[in-house]
2 protein chains.
Amino acid sequence: MRVDSVPEATLRRLPSYYHYLLRLREKGQELISAAQIGVALGVHHTQVRKDLAVTGSQGRPKVGHRVDDLIASIEEFLNWNNVSDAFLVGAGHMGTALLGYEGFERAGVRIVAAFDASPRRAGKKIQGVSVLPVEKFPDLARRMHVVIGILTVPAEDAQGVAEMMVASGIQAIWNFAPIVLELPETVIVEDVALYSSLGVLSRRLAVRRKSAAARDSVRAGP
Amino acid sequence: MRVDSVPEATLRRLPSYYHYLLRLREKGQELISAAQIGVALGVHHTQVRKDLAVTGSQGRPKVGHRVDDLIASIEEFLNWNNVSDAFLVGAGHMGTALLGYEGFERAGVRIVAAFDASPRRAGKKIQGVSVLPVEKFPDLARRMHVVIGILTVPAEDAQGVAEMMVASGIQAIWNFAPIVLELPETVIVEDVALYSSLGVLSRRLAVRRKSAAARDSVRAGP
DNA sequence: CGCAGATCGAGAAAATCATCTCGATAAAAA
DNA sequence: TTTTTATCGAGATGATTTTCTCGATCTGCG
Ligand SMILES: NC(=O)c1ccc[n+]([C@@H]2O[C@H](COP(=O)([O-])OP(=O)(O)OC[C@H]3O[C@@H](n4cnc5c(N)ncnc54)[C@H](O)[C@@H]3O)[C@@H](O)[C@H]2O)c1
Ligand SMILES: NC(=O)c1ccc[n+]([C@@H]2O[C@H](COP(=O)([O-])OP(=O)(O)OC[C@H]3O[C@@H](n4cnc5c(N)ncnc54)[C@H](O)[C@@H]3O)[C@@H](O)[C@H]2O)c1
């Protein structure tokens, strides 16, 4: 029996519903229909219903869903109401940006310490989070029962650091390095593939230019 | 006739092949089979073949593909060999991290200027890139024919800034804010949904914990 | 030179994901 | 009260993506 039979695509859309709903709540709106969500976020309304259904939230005909309920359901479904501690390794450009961000707490993650191999970085504090020598990671991770690791080291160091994380009890890795980590299947790895996103953008732009050029040459006459 | 009939999933996998191939080349490897790529990156080998096929690259039976050829094909397909200029708006934490990153040039994008609304930031240089007052964006974008915009402002400012970008001739937006932008369909928007990725991670971890707990309670006896 | 083994690539089959259809339901209007 | 209307949710249909199957091709070895 599959415990987790929720489509990955659904999982990826839920956070976007969530942020939209937060904005609605801020504006004081109490009710919302799947159709409205769909229009705002560019998703088909039946898809929105299916997505919301997996969180267990129910809507009422003619009324829609209570914004508060939806927010709570999504939070519970994603486990965003229980904040977990996380360790970050690689306090460079990207690592620093993540450390300075308050938004992750609402997404169930609190970065409680950062680690770096460079003596230049270790010892400092970034946004109130201490940067420690990476050698201290294993011991601290075990003692604090930290199971989430955030990986922001250069690609060539990523595999090694990831193995160290797993050996220290880390169960899930949020990986920013452009490399596919080879780890035991039991470890959850989520890649932030910035290049993928750039690839899509670049390709779309190139196709657009090409078809524009083709149109122009047709217009000019063959 | 659809010009761009390439699955989005393929587009997203290509950069990961690309980085893997770069590492192979560095190690001096000249040939590679689809099966080997598949094993290394966790993709089915027939899928790898289909993906590589869209770039126009051909392999030879019994030998595989030339690493150099594959790299060149992917670069050409994604238009990563033509570097385009880009403007970034929002020189905060995330914006600064992106400005400090040399890797984007290999992905066809060069950030040539940054813009910010805060007088504290405007006027400085970050990693050699000038930060200008955001008011200068429209004029400069037109004059320099910049068509790519990178959006790293807070979510509540994102829609407004995006509209300003589009009004200034921007055709593609790389959006880091957790909001779905409402723009003309002709504008290419690529969302870097960091929260989506965190949602997947969080959910997987929660499911894992739940099933572990269930197992334990069964073991303890019903 | 002919055969064995590895690999490719095209097309069929299967799985997954998105959209469409429709009856049910609750609120509001007649 | 009855009708109308907006919305939900379940199941059928359709589209897309992934995996399977198989014949073709190329290299190296006997
Ligand atoms: N900065 C970006 O905008 C950006 C964009 C896309 C991807 N990335 C990826 O994110 C990762 C980090 O990028 P960055 O720009 O922050 O790099 P960076 O060089 O600024 O930071 C890397 C940090 O990791 C530390 N480090 C190196 N090896 C280590 C080890 N073994 N243990 C602990 N710490 C170690 C370094 O001391 C440094 O502080 C890279 O893999 C990069 O490809 C970054
Ligand atoms: N930092 C992160 O790790 C992180 C993670 C996920 C998402 N994000 C998203 O990225 C965006 C930026 O985050 P950040 O942490 O860099 O925020 P930040 O506050 O550090 O930076 C935002 C910058 O935008 C500037 N700005 C605000 N309004 C502007 C306007 N109208 N025109 C021009 N500049 C303007 C501000 O002056 C500031 O310098 C946010 O939408 C955030 O949700 C950031």
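Every heavy atom of this structure was used, including side-chain atoms; hydrogens, water molecules and symmetry mates were not. Here the structure is a predicted model, which means the values were calculated and not measured. Order of the sequence lines sets the chain letters (A, B, ...), proteins ahead of strands, with each chain counted from 1.
When distances are taken from the side chain of P61(B) to each of dC17(C), dT25(D), dA26(C), the shortest belongs to dT25(D). Proximity note for A9(B) (side chain, C-beta onward) versus dC8(D), dT17(D), dA12(C): the nearest is dT17(D). For Q47(A), taking side-chain heavy atoms from C-beta onward, the closest of the listed nucleotides dC26(D), dT7(C), dA18(C) is dA18(C). Taking the side chain of K50(B) as heavy atoms from C-beta on, and the options dC8(D), dG11(D), dG11(C), the nearest nucleotide is dG11(C).
Phosphate proximity of dA18(C) to R13(A): present, with a side-chain N or O under 4.0 Å from OP1 or OP2. In this model, the phosphate group of dT7(D) is not approached by any side-chain N or O of R49(A) to a distance below 4.0 Å at OP1 or OP2.
You won't find any donor-acceptor pair under 3.5 Å spanning the side chain of K62(B) and the base of dT25(D), going by distance alone.
Each of H44(A) and H45(B) has a nearest nucleotide on DNA chain C; the 5'-most of these lies closest to H45(B). Mapped onto DNA chain C by nearest heavy atom, G59(B) and V63(A) fall at different nucleotides, with G59(B) at the one closer to the 5' end.
Across all strands shown, A34(A) has heavy atoms under 4.0 Å from sugar-phosphate atoms exclusively, and none from any base. In this structure, T46(A) reaches the bases: a heavy-atom distance under 4.0 Å links it to at least one base atom across the strands shown.
Aromatic pair Y17(A)/Y20(A): ring centres not closer than 6.0 Å.
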